[in-house]
Structure formats: structure tokens, C-alpha cells
Amino acid sequence: MTTLKNIKHLASGNFFLIAGPCVIENEEMPFEIAERISAICDRLQIPYIFKASYRKANRSSLHSFSGIGDEKGLEILKRVGEEYRLPVVTDIHSDEEAAMAAEYVDMLQIPAFLCRQTSLLLAAAQTGKYVNIKKGQFVSPEAMQFAVEKVRAAGNQNVLLTERGTMLGYQDLVVDYRGIPTMQAFGVPVVLDCTHSLQQPNQSSGVTGGRPDLIATIAKAGVATGVDGIFIETHPNPAKAKSDGANMLPLDLLESLLEKLMAIRRAVQG
């Protein structure tokens, strides 16, 4: 992580945080969220990476919000990074998007459903950017070594893995915390996605549900297990969020949660 542009507080010994809204909804909201989280992380000495998708391609319903336009969304992400001097990460969904998004952000994220797409992983790796691969809900932690090998084979050593739960039946997910040390053994930082791990997908309404009341539980267990980073989607008003509001953390609750997680981290480190 030392070569990630604008990353701060790496010497603090804290976990790093990937956080932000699910998707760019408008011009103002990303700046509001980035400003508040950046200030919190500076005070707590937590390395922080701003996250938002410029486009959501994997929505349940045809009628779900997917973005405000690729170029506009990417430009906003670039401006957020420049204004607050933060590294920025966004999802990509196709080979062609890799080079395009790499012009605007510092890290490319591979969605869980696409973690086995060889050409997409290679396209992301060839940009030279950091690549965060989310573990598929259908993939074992052990099998994620092959995704890592694909990125490294393209000459890119800057790869992370993110645990985001495993499918349990049709409409629920469960986190197997044994997967964290298993994936760390591949020599990569491992992140725990504390919000998508609580999704309840495939609802008959066409809108994904969730259990945001358990975000703190998931996060505390992950830090106790020794995870390197925490991933949290957050919004000033999740009830009005245009994507994944059902499993997002209200922004006002973030600081107190991070303080609790830091205390757990200190206890684990002795």
C-alpha cells in the first residue's frame, strides 16, 4: 500500500478503511461524504481510500438507478481525490472499462460476480493500478489464489482481496472468518466488506434487502480476526440512497464504530 497515491497514516498500525457511497448519485453528495470521512480518518490516524461506483451494472431490476453517466461520474471521482488528496477506488465491469477508469482513479475494483473473469482481471492488472478483487459469493477463499495469480502474471503486484460473504440459500449471506487468514496466506492484504456481507439478495420485489443493524458485529469480528482493511458503504441518509441503501451504514454512526474497532485492534495486537 506504500505506493498508493495520497494514502496517509500507514505508520499508525491501524487497519485501512475503504468507504463511501455505493454509487455517484449527484454532484454534491460524494464531496460531502469524502470531507466528513477524511476528517474522521485524519483524527483517528486511519489510512483512508474513498470508494464509489461511477456506474452500477449489476442491479437486480431493470428500473434500478445505475448512474449519472460514465464520464460525469468518473470526473467527479477524480475531483474528489484531488480536492481531499485521497486515493479513490471504483468498480469496473468490462475489459474496456479498465483503461478508461484508470485515467481517473487509483484503484480498480472487480465485483464479486466477475472475480473469475480472466480477461477483466488482466485488463485491470495491465493498467498498473491497484486491483481490489472481491471474493465471489460462490468461490471458496482457497480458490481466490488463482485470481491473485492472474493479476501477478500480468506484471502487477498491487492486488488486494475482499471478503464479502458466501451465499447461504437463495436470499442470505454468511461470512466465514476462516477465509481471512486463508487469503492473507497468498501474500496480499485482505479486506472485509462489512456492508455487502449483510445483503439479502434475490428478493421478489427486485430490490436487495439487508441487515445494517449487524454491520458493527461483522466489523468487530473481522478486526478481531486480524483483517487488514475494512470496507463500509455509507450515506448521510441510507433510506434515500439510490443503490444498496438497505445495507448501508448511516454516516453519523461511522466515527463511533471506527473508534470501537481501533480498540479491538489494539487489544488483538497486545
Side-chain angles (χ1 to χ4, degrees), residues 1-55 67-68 70-92 97-98 100-110 124 127-134 158-160 162 189 191-196 219 227-236 241 243-244 248-255 257-259 261-262:
M1 299 287 287
T2 55
T3 59
L4 185 60
K5 182 180 176 183
N6 289 333
I7 190 76
K8 296 181 287 186
H9 310 308
L10 287 177
S12 67
N14 286 323
F15 51 83
F16 61 89
L17 175 68
I18 300 176
C22 180
V23 63
I24 300 292
E25 298 179 2
N26 53 45
E27 182 86 20
E28 299 80 19
M29 181 265 294
F31 293 91
E32 174 191 351
I33 294 175
E35 181 175 16
R36 291 181 62 182
I37 300 179
S38 180
I40 292 169
C41 289
D42 280 342
R43 187 180 75 77
L44 299 179
Q45 299 284 292
I46 294 174
Y48 173 44
I49 302 164
F50 178 81
K51 180 272 166 189
S53 296
Y54 68 92
R55 172 159 55 94
I68 60 174
D70 291 357
E71 186 173 349
K72 186 174 181 180
L74 284 167
E75 185 60 39
I76 289 172
L77 283 169
K78 182 178 181 180
R79 285 167 46 208
V80 166
E82 291 174 345
E83 181 162 341
Y84 298 104
R85 295 190 60 78
L86 295 171
V88 175
V89 59
T90 196
D91 293 290
I92 58 172
E97 288 182 54
M100 176 181 71
E103 295 293 322
Y104 298 85
V105 302
D106 309 288
M107 181 184 293
L108 301 174
Q109 184 163 280
I110 308 299
T127 67
K129 300 289 183 176
Y130 272 77
V131 181
N132 182 27
I133 311 170
K134 303 193 85 173
N158 299 320
V159 57
L160 303 81
T162 294
V191 183
L192 176 60
D193 184 339
C194 305
T195 45
H196 290 96
V227 76
D228 300 289
I230 292 292
F231 180 112
I232 294 177
E233 284 192 343
T234 183
H235 192 282
S243 177
D244 280 0
M248 296 172 82
L249 181 74
L251 186 54
D252 287 342
L253 302 181
L254 179 63
E255 185 169 9
L257 173 58
L258 291 175
E259 289 173 340
L261 297 181
M262 288 174 59

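Numbering starts at 1 and runs along the sequence shown.
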What residues form a salt bridge (charged side-chain N to carboxylate O under 4.0 Å, His left out) with [X], not counting sequence neighbours?
X: Lys51; value: Glu233
X: Asp193; value: Lys134
X: Glu35; value: none

Taking side-chain hydrogen bond (donor to acceptor under 3.5 Å, both in side chains) as the test, write out the residues that go with [X], two or more places apart.
X: Asn158; value: none
X: Thr90; value: none
X: Tyr130; value: Thr3

Quick check against the 3.5 Å criterion: does [X] have a side-chain atom that pairs as donor or acceptor with the backbone of [Y]?
X: Thr195; Y: Ile232; result: no
X: Tyr48; Y: Ala19; result: yes
X: Lys129; Y: Val105; result: yes

State the [atom1]-[atom2] distance between [X] and [Y], to the nearest 0.5 angstrom.
X: Ile49; Y: Lys8; atom1: CD1; atom2: NZ; answer: 12.5 Å
X: Asn26; Y: Lys72; atom1: CG; atom2: NZ; answer: 8.5 Å
X: Tyr54; Y: Leu77; atom1: OH; atom2: CG; answer: 9.5 Å

Exercise. With the side chain counted from C-beta on, respond yes when Pro236 and Ile33 share a heavy-atom pair under 4.5 Å apart, and no when they do not.
Key: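 Contact flag for Pro236/Ile33 side chains = yes.
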
Between Leu192 and Val227, the two heavy atoms sitting closest are N-CG2, 3.6 Å

Going by side chain to side chain contact (heavy atoms under 4.5 Å, CB included), name the residues that satisfy it together with [X], two or more places apart in sequence or in a different chain.
X: Arg43; answer: Glu255, Glu259
X: Lys5; answer: Asp106
X: Glu82; answer: Lys78
X: Pro47; answer: Ile7, His9, Leu10, Ser12, Asn14, Phe16

Note to self: Checking Leu74 against Glu103 for the side-chain contact (heavy atoms from CB on, under 4.5 Å) test, could you report, in this order, the C-alpha distance in whole Å, the side-chain angles of both residues, the deciding distance, and whether it holds?
What the structure shows: CA-CA 9 Å; Leu74 284 167; Glu103 295 293 322; over 6 Å; no

Report task. Start with the C-alpha distance between Arg36 and Thr234, add both sets of side-chain angles, then the distance that settles side-chain contact (heavy atoms from CB on, under 4.5 Å), and finish with yes or no. Result -> CA-CA 11 Å; Arg36 291 181 62 182; Thr234 183; over 6 Å; no

_CD/Glu71: more than 12 non-hydrogen atoms of other groups inside 6.0 Å_ = no

Applying the side-chain contact (heavy atoms from CB on, under 4.5 Å) criterion to Ile110, which one of Ile133, Asp91, Asn132 satisfies it?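 With Ile110 as partner, side-chain contact (heavy atoms from CB on, under 4.5 Å) holds for just one option, Ile133.
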
